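Everything numeric in this text was worked out from a predicted model, so none of it was measured. Per chain, numbering begins at 1; letters A, B, ... match sequence-line order.
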Amino acid sequence: MPKKNLVTLIQRGAFPNLTGKIQFYAPSFVYYKNKYFHSSHSSFPSISITGSSCALKCQHCNGKVLDTMLSAPSPEELFNVCTKLKEDGAGGCLISGGCLPDGSVPLDRFMDVIAKIKKNLGLTVTVHTGIVNFSTAKLLKEAGVDAALIDIIGSDETIHKLYNLDIKVKDYDRSLKAFHDVGIPFVPHVLAGLHYGELKGEFEALKIIAKYSPSAVITIAFMPIRGTPMEKVPPPEPEDIAKILVTSKLLMPNTPTVLGCMRPKGEHRKKTDLLAVRTGVNGIAFPVDEAIQLAESLNLKISFSSLCCSQIFEDIHL
Amino acid sequence: MVKVEDCEVPENLYYHKEYLWAKVEGDKVKIGMIDFAQKQLNDIVYVELPSAGDEVTQNEPFGTLESVKAVSDLIAPISGTIETVNEELESKPELINEDPYGEGWLIIVTPTNLDADLKNILDFDAAVAWHKELAQEG
């Protein structure tokens with residue numbers, strides 16, 4: 001469908017939010033402050049278990065995002081960081097990190113400490129996994145992880161060119177199957193516009209995701225980051241992002257659809273967030289004021305959480 | 001100027017705990033973001049500021065700032081009428097990262113209640129102590 005027609009449909013209310021409510025998220029890995037909500041500096045931070053190291057150095061990130069995280073490159077450090085977070089009143093954390101050359105995050109040696117964090121500290125723990133096999137998925141489940149998060153790429157060409165990875169779309173499919181089979185909550189992310197700002201494998205990614213009944217689906221979008229090879233590449237248009245949100249909702253009507261934290265900033269973010277509300281999304285991370293006001297004007301019940309938006313399946317049941 | 005950890009704290013400025021500085025220059029006040037904040041926020045990618053002629057009120061939001069790590073209101077350290085907005089930030093928001101006390105300034109205002117407003121924010125000595133607290137909090 002041409003973008004213009006889709007936007008017309010969205011503006012006419014063709015995709016209403018049938019739950020009557022929308023959940024906003026502001027975990028502390030981004031500082032968020034407006035008249036509606038103020039995130040604390042430690043409510044739900046992100047932690048890198050590889051420090052600033054990443055073997056892939058993908059063109060859109062180049063490891064830069066890791067620099068924004070707390071660093072805990074050993075199990076002992078991870079436990080110490082989480083203990084401090086607990087003392088400071090954190091609700092949980094996102095455990096992330098750079099990838100190995102095979103597209104996985106080196107989680108295995110952290111499994112025992114993740115289990116200890118869950119058992120002794122009681123934090124909500126979400127984990128960015130990268131590619132996983134059944135064994136790793138099972139260990140995550142046994143460790144008590146609250147949700148496994150994974151970016152799903154639906155184009156072999158994009159995987160090869162952008163992620164510098166020698167794997168295929170079917171490997172992401174297998175990862176989702178592993179999560180599904182072990183029974184861990186999992187929340188796939190679709191990165192709109194990753195292929196140099198253009199939509200390419202996103203719809204295929206959604207089709208694969210839809211096979212496995214995820215706990216929620218999060219749409220994020222490529223945003224140019226300074227110091228990366230793609231810093232000058234224009235991001236996807238807000239209408240492209242809306243198209244992914246609508247497709248996600250239509251393919252998986254009983255699965256929460258969320259606009260996640262990573263997306264272009266400024267005026268672009270305003271347009272995206274406003275469109276997102278009108279697509280009937282169930283949640284938005286770090287919404288602009290105007291989107292909150294729009295939700296209110298549509299008589300949606302709004303609430304804020306300081307946890308990660310991947311936890312929406314605990315907040316909204318479809 | 002002193003450094004607390006690796007953050008610069010220049011003298012002759014006043015500091016608001018919402019992470020902005022104010023510099024009295026004759027009958028005007030220049031406002032910008034403190035070094036600590038720009039370092040915490042990482043790459044600043046967007047700044048939305050009001051226009052010349054608009055009013056700002058101490059402790060009230062007057063703009064927004066976005067970075068890889070932040071989506072936040074900018075809170076005015078003093079009240080006044082905006083005389084000049086740093087238009088260069090529209091195309092080069094990174095100036096706040098590169099030169100927070102110089103070319104990365106945000107706005108210049110004509111204050112409306114300066115003496116009273118300055119009593120509500122930090123002078124240099126108090127700002128140094130505050131920066132030490134911030135450094136300890138990590």
Side-chain angles (χ1 to χ4, degrees), chain A residues 24-42 45-46 52 60-71 80-81 84-85 87-89 223-228 231 235 261-270 272-273 284-292, chain B residues 6-7 16-20 33-51 56-57 59-77 87-99 104 106 130-131 133-138:
Chain A
F24 296 125
Y25 293 88
S28 56
F29 42 80
V30 170
Y31 181 77
Y32 180 80
K33 182 171 185 175
N34 59 25
K35 64 183 175 184
Y36 297 96
F37 196 78
H38 183 188
S39 62
S40 85
H41 81 287
S42 61
S46 49
S52 58
H60 68 295
C61 170
N62 202 31
K64 290 275 288 179
V65 174
L66 296 174
D67 292 338
T68 68
M69 301 179 182
L70 300 175
S71 179
N80 291 340
V81 167
K84 176 76 168 58
L85 289 173
E87 288 167 3
D88 291 346
M223 55 179 267
I225 297 173
R226 284 206 293 275
T228 68
E231 67 177 334
C261 56
M262 183 67 84
R263 58 189 190 274
K265 309 288 186 181
E267 292 300 323
H268 190 293
R269 195 166 74 92
K270 281 184 193 166
T272 302
D273 290 13
I284 300 179
F286 311 109
V288 295
D289 289 9
E290 292 85 345
I292 301 168
Chain B
D6 62 341
C7 296
H16 190 259
K17 283 196 171 180
E18 292 288 351
Y19 309 107
L20 296 189
M33 172 161 281
I34 66 170
D35 189 30
F36 173 85
Q38 70 80 16
K39 283 187 166 76
Q40 291 287 314
L41 299 179
N42 208 280
D43 289 347
I44 293 167
V45 295
Y46 175 74
V47 188
E48 185 176 53
L49 296 171
S51 306
V56 297
T57 305
N59 299 327
E60 294 291 326
F62 68 93
T64 56
L65 175 146
E66 299 186 22
S67 74
V68 175
K69 283 285 287 178
V71 174
S72 178
D73 286 344
L74 294 164
I75 308 295
E87 306 282 359
E88 213 176 350
L89 295 178
E90 195 172 329
S91 58
K92 290 183 182 174
E94 63 269 26
L95 286 175
I96 299 172
N97 293 120
E98 292 166 2
D99 192 9
L106 300 171
W130 174 51
H131 274 75
E133 286 171 23
L134 291 172
Q136 276 187 341
E137 287 169 10

* Side chain to side chain, A:I225 and A:V65, heavy atoms closer than 4.5 Å ->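 They are in side-chain contact.
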* **Close side-chain approach of B:I96 and B:L65, heavy atoms under 4.5 Å** =>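 They are in contact (side-chain heavy atoms under 4.5 Å apart), so the answer is yes.
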* To do: Give, for atom CG of A:L66 and atom SG of A:C61, the distance between the pair rounded to the nearest 0.5 Å.
  =>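 So the gap between those two atoms works out to 6.0 Å.
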* Residues which pass ring pair (Phe, Tyr, Trp, His ring centres under 6.0 Å) with A:F37, listed by chain and number, not counting sequence neighbours -> A:F304
* **Which atom of B:M33 lies closest to which atom of B:I44, heavy atoms considered** => SD-CD1, 4.2 Å
Give each N or O donor-acceptor pair spanning chain B and chain A at a distance under 3.5 Å, with atom names and distance to 0.1 Å, or state none.
| unit_1 | atom_1 | unit_2 | atom_2 | d |
| --- | --- | --- | --- | --- |
| B:E18 | OE1 | A:K33 | NZ | 2.8 |
| B:E18 | OE2 | A:K33 | NZ | 2.5 |
| B:D43 | OD2 | A:K64 | NZ | 3.4 |
| B:I44 | O | A:R226 | NH1 | 3.0 |
| B:I44 | O | A:R226 | NH2 | 3.2 |
| B:Y46 | OH | A:E267 | OE2 | 3.0 |
| B:E48 | OE1 | A:K270 | NZ | 3.4 |
| B:E48 | OE2 | A:K270 | NZ | 2.6 |
| B:E66 | OE1 | A:G266 | N | 3.0 |
| B:E66 | OE1 | A:R269 | NE | 3.0 |
| B:E66 | OE2 | A:R269 | NE | 3.2 |
| B:E66 | OE2 | A:R269 | NH2 | 3.1 |
| B:S67 | O | A:K265 | NZ | 3.3 |
| B:K69 | O | A:Y31 | N | 2.7 |
| B:K69 | NZ | A:F29 | O | 2.9 |
| B:K69 | NZ | A:T68 | O | 2.9 |
| B:V71 | N | A:Y31 | O | 2.6 |
| B:V71 | O | A:K33 | N | 3.1 |
| B:D73 | N | A:K33 | O | 2.9 |
| B:N97 | OD1 | A:R226 | NH2 | 3.1 |

* Structure fact -> Sorted by chain and number, sequence neighbours left out, side chain to side chain contact (heavy atoms under 4.5 Å, CB included) with A:C261 holds for A:F29, A:A285, A:F286
